[in-house]
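Counting starts at 1 for both ligands and their atoms, in listed order.
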Amino acid sequence: MLVSLIVPCYNEESALPFLYEALTKVLDECSRYEYELIFVNDGSRDKTLAVLRDMAEKDGRIHYLSFSRNFGKEAAMYAGLSAAKGDWIGLLDADMQDPPSLLPQMFTLLESGDFDVVATRRVSRKGEPPIRSFFARRFYRMINKFTDVEIVDGARDFRVMKREVVDAILSLGERQRFSKGIFAWVGFRTKWLEYENIERVAGETKWSFWKLFLYAIEGVVSFTTAPLRIATVVGFLTSLGAFIYLLYYFIHAIINRIWDKVAGYPSLLSFMLFLGGMILMALGIIGEYLAKTYIEVKNRPLYVIAEDNKKDDKQ
Ligand code: UDP
Ligand code: MG
């Protein structure tokens, strides 16, 4: 049986040697399977590609793909999944935050036949800036409320899946991919393993706060159209409020005989600003979805491969 392990790499020259060492240890330990190691170089600016070439020369199990520029981790994972030939397919980060030492246990669980996927989640966010943890938690709560897929808090992309699951994932043809949602959407019997957060072995994280914020919006917009409905509901409620206020104002004016045309300037202004804000927000939300549709319609490839050491042995 063939097991494919996919590692997306962006500027990971310093982490790769550690990872490779840890992986070979695991592979020796579980020598009942055959392996292919798929490294996807996502347009790194450091010597990642050179390191990969070197490794591939020494180890025939290594298949590396190199993108023509940085396309993001989602694209790298998709490229890896498309290239994988294994019966089981695993995904893990290059920085050892997804500990390879968990792999034997994951394989055993898959072998038991009770599960199609063994996935992992972090139970602590130790070593992460508190503000990032705070927003991450809010994000998971919100996305689970609004969407019909359940995304587990702290879920990592670190997982091992059977071929059927990967085929299902690849069959979702969207360009802008939010894997955590896609994994949840395809379903299958999933076993969750928990582990404490581990700090990356070398190099630095590629996630800035801004990138994470955009990623969160991406997640919501990819899996639910509920925000569009929020705009409708809020619009309806504001109009209702305005109507009731108008009614109240008329009755008030009739009873008290005040027909002053100038009074009420501040309240008028605040109403207008409030409404203006609402309208802009609604337009923004519509814009989000429109932009998404636009990008999907263009149907561009997810990535461009510049180099592939096993290009010729494709079936
Ligand atoms: N990564 C990638 N392309 C990117 C950003 C990240 O392939 O544009 C890879 C990176 O090399 C690593 C994994 O995705 O293997 C996770 O990235 P990182 O460790 O920076 O994220 P964090 O663990 O901080 O969430
Ligand atoms: Mg990391």
Taking [X] first and then [Y], would you say they form a salt bridge - that is, a charged N and a carboxylate O separated by under 4.0 Å?
| X | Y | result |
| --- | --- | --- |
| Arg159 | Asp98 | no |
| Glu174 | Lys292 | no |
| Glu36 | Arg61 | no |
| Lys180 | Asp157 | yes |
| Asp116 | Arg189 | yes |

Fill in the blank from the handout: Less than 4.0 Å from some atom of ligand 1, heavy atoms are found in residues Pro8, Cys9, Tyr10, Glu12, Asp42, Asn70, Gly72, Lys73, Asp93, Ala94, Asp95, Gln97, Arg132, Arg200, Thr205, Lys206, Trp207
Problem - N/O donor-acceptor pair under 3.5 Å between Glu13 side chain and Val51 backbone - result: no
Handout entry: Polar side-chain atom of Asn11 near backbone of Ser44 as donor-acceptor pair, under 3.5 Å
Key = no
Problem - Of the protein N/O/S atoms, how many lie under 2.8 Å from the Mg ion (ligand 2) - result: 2
Problem - Qualifying side chain to side chain donor-acceptor pair (under 3.5 Å) pairs, either residue in residues 100-110, two or more places apart - result: none
Problem - Pairs satisfying ring-ring contact (aromatic ring centres under 6.0 Å, His included), at least one member in residues 156-186, at least two apart - result: Phe178-Tyr215
